[in-house]
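Please read the structure below before turning to the comments.
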Amino acid sequence: MFCSLPSALLDAFSIDSLELTRPWAAALLLLPLVLLLLSLRRLERRTVLLGTARFFSGLAGGGGRSSSRRLTASRVLAALALAAATGAAVGPAPRQRDVSEIEWLVVVDRSPSMYLTTGAGSGRSRLAASLLAARALLEEAGPASSRVRFVDGSSPGAAVGAAAPVQAAPPAELLERPVDSLPEPSWGAFDRAGVLWVTDRVPSTLPSAAGWVASGGEAVPGPVGWGAKGALLWDGPGSEPRLDPTLRPLAWIGGELDPVIASFARAWASDRGVALVEDRADASELVVEGAGPLPRRVADRSGGRDGWWVRYATDAGESPGSGRPWWVANGEGPRRDLITRVSGRVTVAPLRLDGDPAPAEAFAVSMAALLDGALDAPRWVVPLSERERAGPTGRRAPELPATTTAELDLARGERERGERVATAALALVAAVLAAAAALARARESGRRHA
């Protein structure tokens, strides 16, 4: 009888599949150990003969001593009962089975404030700090097999990288500050279960289902704007922005450029407050470059855009770079891009103008728009509202998807039922062993008095 119940328990719960819900109760195992040790200590008994001793001349010593070690059946059964009771007290339970993998959606705020530091001397951006906190939160909120997919919330529809384990490092491109100043995400579009918002300020309107992580951060003084006379510097809370004429965007104008285009680009830079540099590698915000030697033949074409026109000569060949075409040559034959533009760069094909474009006003407006559009916003400029204090840190885990919640509830119920069965079975074994120990003790006492 005593062996059948433990055997059934072993069949139901293998050792590898069990965990203890109250491991601190294992200290109670000292009780059966102490009982066994006390049972093994040597007991000394002394026999003393009283008034009748005078009738027995052979017992002149008046008594005697004896010693013994006794590990009785009752004590063994009592120790086993205490061990079984301890097994019930520690709360053995089957390990909770794994649920289906969760793929979290992490929506990242890439507005300018996210690339500021969390505080003076921290050396860590608000974005890096909030991504680290997001990983810790998701590791706690879901199963170990969870995966995560990142979305650039400031650029709608822009996923960043493939789904990866929660423990993996976030995509490196997220930590690189965008060239353009991006807005804060439209958080309401991402308020659903399984979604986590990553930002620096506690949301003004808390989500109903999505979770959020806010890095917080102190105010970060620095440039908040720029113009033709220099940059506007903010020195921190309580101060007004002040002008710093030494801080300007940097541009390089060079290569084989037509003199009319080169002259206009330099005049534009002076008007806009853009500083020209001698070394191309020092140009941070704009490069205007001629792609090849100027053609020597007679200007045999005419063309233009935006209401101006000019006669020009160009060499046949490939288009200058892979940017967006801004001025395309007219005429028969393969397409020929004369001027292309990408962010931070204007490239001019081998091109020689035959005089000034006309009308001059239309050319000036058109070329200024080209250079204005190509000039990158200085990365050191962050709006005042972004540089202000972001407040305290904070976080809240997102709700689990409905299917995952149902699986977790089922697994939790199975585990609780297993714990109740194991605890009840061990308690029953302890009770049976305690009763057997009491019976054995009674028998041993009767034999001693017989």
Side-chain angles (χ1 to χ4, degrees), residues 106-137 150-155 160 170-188 190 196-207 210-250 273-275 284-285 375-397:
V106 176
V107 183
V108 180
D109 179 3
R110 300 192 72 201
S111 59
S113 64
M114 295 297 291
Y115 297 88
L116 300 176
T117 58
T118 55
S122 68
R124 175 182 291 171
S125 70
R126 297 176 182 179
L127 178 57
S130 56
L131 286 172
L132 188 63
R135 181 174 69 180
L137 179 62
F150 292 92
V151 169
D152 179 356
S154 298
S155 303
V160 183
E173 54 264 40
L174 281 179
L175 301 175
E176 297 176 2
R177 182 174 175 182
V179 174
D180 299 324
S181 181
L182 299 179
E184 186 175 304
S186 299
W187 294 119
F190 301 102
L196 182 67
W197 302 351
V198 172
T199 185
D200 57 345
R201 290 175 170 83
V202 176
S204 56
T205 302
L206 296 179
W212 54 270
V213 168
S215 66
E218 299 300 323
V220 181
V224 296
W226 70 278
K229 295 182 179 181
L232 287 175
L233 286 181
W234 181 61
D235 295 322
S239 66
E240 293 293 330
R242 58 183 176 83
L243 183 65
D244 181 357
T246 64
L247 192 56
R248 299 171 179 267
L250 303 179
V274 175
S284 303
E285 283 72 42
L375 178 69
D376 282 342
R379 295 195 176 192
W380 35 262
V381 171
V382 177
L384 178 57
S385 60
E386 299 282 307
R387 287 191 176 276
E388 292 177 335
R389 184 174 182 271
T393 61
R395 69 178 199 166
R396 192 187 77 184

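Between the Glu285 side chain and the Asp376 main chain, no donor and acceptor come within less than 3.5 Å of each other. Without hydrogens or angle criteria, Asp152 side chain to Ser154 main chain gives a donor-acceptor distance under 3.5 Å. Between the side chain of Arg110 and the backbone N or O of Tyr115 there is no donor-acceptor pair closer than 3.5 Å. Between the side chain of Glu386 and the backbone N or O of Ser113, at least one donor-acceptor pair lies under 3.5 Å. At least one donor-acceptor pair closer than 3.5 Å links the side chain of Arg387 to the backbone N or O of Val220.
Residues forming a side-chain hydrogen bond (donor to acceptor under 3.5 Å, both in side chains) with Glu388 (at least two apart in sequence, or on another chain): none. Taking the side-chain hydrogen bond (donor to acceptor under 3.5 Å, both in side chains) definition, one finds that Ser204 meets it with nothing, sequence neighbours left out. For Trp187, the side-chain hydrogen bond (donor to acceptor under 3.5 Å, both in side chains) partners two or more places apart in sequence, or in a different chain, are Glu184.
Contact of the Leu243 side chain with the Lys229 side chain is registered, since non-hydrogen atoms from C-beta on lie closer than 4.5 Å. Residues Arg126 and Thr199 are not in side-chain contact: their nearest non-hydrogen atoms beyond the backbone lie 4.5 Å or more apart.
The OG atom of Ser111 sits 10.0 Å away from atom CZ of Arg177, with the distance rounded to the nearest 0.5 Å. Rounding to the nearest 0.5 Å places CG of Leu127 at 11.5 Å from OG1 of Thr118. Rounding to the nearest 0.5 Å gives a distance of 15.5 Å between CG of Leu116 and CZ of Arg124.
Each of Pro223, Ser284, Pro249 was evaluated against Pro378; a single residue qualifies, Pro249, per the side-chain contact (heavy atoms from CB on, under 4.5 Å) test.
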